[in-house]
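Taking it in order: structure first as structure tokens, then the write-up.
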Amino acid sequence: MADLFHECGIVAIYHLPGEVNRLAPKGDPAQVSRHIPRLLLEIQNRGQLAAGMTVYRPEHPQLIDTYKDVGTVTEVFHLNHQAEATALMDKYAGVAAIGHVRYATCGTDDRGNAQPFERHHIEKHKWFSFGFNGQLANYQQLKQEILSERNFHLARDTDTEVLMHLICQQLSGDRLPALIDVLTHLSQRLDGAWNMVFLNALGEMAVARDPLGIRPLCYAVDGNLFAAASESVALANLGFRQEDIRNVPPGHAVLIQNGKLEVRQFARSEKRSHCFFEWIYFANVASTLDERSVYLTRKRLGEELAHQETLALDDDTIVVPVPDTAKAAADSMAFTLKVPSVEGLMRNRYMGRTFIEGTDREGKARMKYTPLPEVLGGKRVILVEDTIVRSTTMKVLISQLKDRGKAKEVHVRVACPPILAPCFYGIDMSTIAQLFAPRFLKPGEPLTAEIEARMADVIGADSLRYLSFDSIARSVDLPGAALCQACLNAQYPTTAGKQLYQLELNKVPNAPGGRAYDK
């Protein structure tokens, strides 16, 4: 399953019939597809390997047309070359479009795995394209069901292709199925996180969020312009007013058919399982997810860290954030403790995000951060990080702070409890063996000072403190029951997730707990 983990980003835009909207480029409704690269740039944090879009052009023989490639949004859409970018957007001008950025560890690094996935057909309602954000926890089961059919074949080892085949099955036959019915049938077969943007050759669009709401998804309407994105910052920076940006409710879809927009429920949503990791790490700090500000959440995480701090502070103590996602928590912690927060680590802005890049994390971490001895020399450093997943980056940072930065001491504070279990819903934490904390601790076991001391010794820190589990719900300002915290407590919100965890435990010596990995 290691190559099947998706944490991507999706966007959509549609110019509905009516007066020309103030946000339409050049005042031309046929040009709204030009906004796709900009929308994707705002959610580039969600995937850096590939990007693409599909446009709808009712006056063109190619009613829907897809352009995609491997690379960042800037590379794929030639944004550093104005003439090339303009020519490209002229070629793919349309009144509606969907877009996608792909996570760096999904399958192989080739154009065939880039999204959106388009399926051609002579019948308009069967000619469609879609982009997918999430992961199907029951992927293997669905794959085997498809392959059991005579003459069926899957060309790619990804859950996105499985989803494509399931959509095709719903569209087969002579009848013209309603999009809401297609989504309802899909919801009965899919287990996991599966936000989706869909566009067909009839000009119909669907922007759907899975019934648990694991991944974020929002939309906005301004006059006759509709847009949607994985994160609110993309819509706000495009020009939509904050009060016009709404979350797609779990189990609901925004449907555009026959020039009309409506929000409809396609599946019952008896509980919520919003991924807490979105707030503490993955999402853009300027975003608001399900009415909860990412920045304010991280600020509260820092306050929680400060309240549980026991280190004796002196004039040589400084707080240093690991840039960039830990900065809000570090600044807040320092303010609460009345200790200076300084940037003792400088990040190379041209390096990608180490966590979402699948190979040689240690080498990339060394290239990515530069310690400043002028700031760190002789200091007792409280190093604030948003989370420790594999510990590779943290070991490098501590070594760099002491060797190159000349820090006297490095005390690590983590704005997240220990990551103890894999994620099967779209974030690259795929096996227990890859994780740091299960070498010392199992889900449900108390985290003691003795265990933290052992962990600190392994990573080379003078001390290590994790945020308490209860602090997450308080910081996000949602009930714990409304959050997916399976990577912290192994309480998976879906049946397939529970089954995958049991299979994973069977691979670990002396499971549960995996202490055979303790070195």
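If you're wondering where the values come from, they're calculated on a predicted model, not measured in any experiment.
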Let's go through T393 and Y369 carefully: what are the C-alpha distance in whole Å and the side-chain angles of both, what is the deciding distance for side chain to side chain donor-acceptor pair (under 3.5 Å) to 0.1 Å, and is it a yes or a no? CA-CA 10 Å; T393 298; Y369 299 105; over 6 Å; no
Whether [Y] and [X] form a salt bridge (side-chain N of Lys/Arg under 4.0 Å from carboxylate O of Asp/Glu) is what I want to check.
{"X": "R209", "Y": "D290", "answer": "yes"}
{"X": "R380", "Y": "D315", "answer": "no"}
{"X": "K507", "Y": "E504", "answer": "yes"}

Could you check V263 against Y219 for side-chain contact (heavy atoms from CB on, under 4.5 Å), going step by step and ending with a plain yes or no? CA-CA 11 Å; V263 179; Y219 73 98; 3.6 Å; yes
Between [X] and [Y] (side chain of the first, backbone of the second, donor and acceptor by atom type, cut-off under 3.5 Å), is there such a pair?
{"X": "E309", "Y": "L337", "result": "no"}
{"X": "S332", "Y": "G302", "result": "no"}
{"X": "R46", "Y": "C8", "result": "yes"}
{"X": "R298", "Y": "Y281", "result": "yes"}
{"X": "N133", "Y": "N195", "result": "no"}
{"X": "N506", "Y": "Q502", "result": "yes"}
{"X": "D159", "Y": "Y139", "result": "no"}
{"X": "R465", "Y": "Q308", "result": "yes"}
{"X": "K68", "Y": "A114", "result": "yes"}

Among all residues two or more places apart in sequence or in another chain, which pass the side-chain hydrogen bond (donor to acceptor under 3.5 Å, both in side chains) test with [X]?
{"X": "N237", "answer": "E42"}
{"X": "R474", "answer": "E304, S471"}
{"X": "T54", "answer": "T66, S129"}
{"X": "D244", "answer": "R241"}

Partners passing side-chain contact (heavy atoms from CB on, under 4.5 Å) against H81 (at least two apart in sequence or in another chain):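 side-chain contact (heavy atoms from CB on, under 4.5 Å) check on H81 returns E84.
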Residue list, side-chain contact (heavy atoms from CB on, under 4.5 Å) with T370, at least two apart or on another chain: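 Partners of T370 by the side-chain contact (heavy atoms from CB on, under 4.5 Å) criterion, ordered by chain and then number, come out as R404.
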Verify whether the ring centers belonging to Y67 and F77 lie closer than 6.0 Å. yes
Should K402 and D462 be marked as a salt bridge (Lys or Arg N to Asp or Glu O under 4.0 Å) after you check the CA-CA gap, both sets of side-chain angles, and the distance that decides it? CA-CA 11 Å; K402 290 187 173 183; D462 291 276; 3.1 Å; yes
Applying side-chain contact (heavy atoms from CB on, under 4.5 Å) between C218 and each of V207, T288, V233, L235, report the one that passes. L235
Option among V381, V384, L397, L372 that satisfies the side-chain contact (heavy atoms from CB on, under 4.5 Å) test with V320: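 The residue from V381, V384, L397, L372 that satisfies side-chain contact (heavy atoms from CB on, under 4.5 Å) with V320 turns out to be V381.
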Do [X] and [Y] have side-chain atoms, one donor and one acceptor, less than 3.5 Å apart?
{"X": "N45", "Y": "E231", "value": "yes"}
{"X": "D314", "Y": "T317", "value": "yes"}
{"X": "N80", "Y": "T74", "value": "no"}
{"X": "T160", "Y": "Q115", "value": "yes"}
{"X": "H411", "Y": "E409", "value": "yes"}

So do the side chains of L49 and V70 get within less than 4.5 Å of each other, counting heavy atoms only? yes
Which atom pair, heavy atoms only, marks the closest approach of C416 to L488?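 Looks like SG-CD2, 4.1 Å.
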Hey, could you give me the CD/OG1 distance between E75 and T72, rounded to the nearest 0.5 Å? 3.5 Å
So Y501 and Y492, would you call those rings parallel, tilted or perpendicular, with 30° and 60° as cut-offs?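 Because their plane-to-plane angle lies in the 30° to 60° range, the rings of Y501 and Y492 count as tilted.
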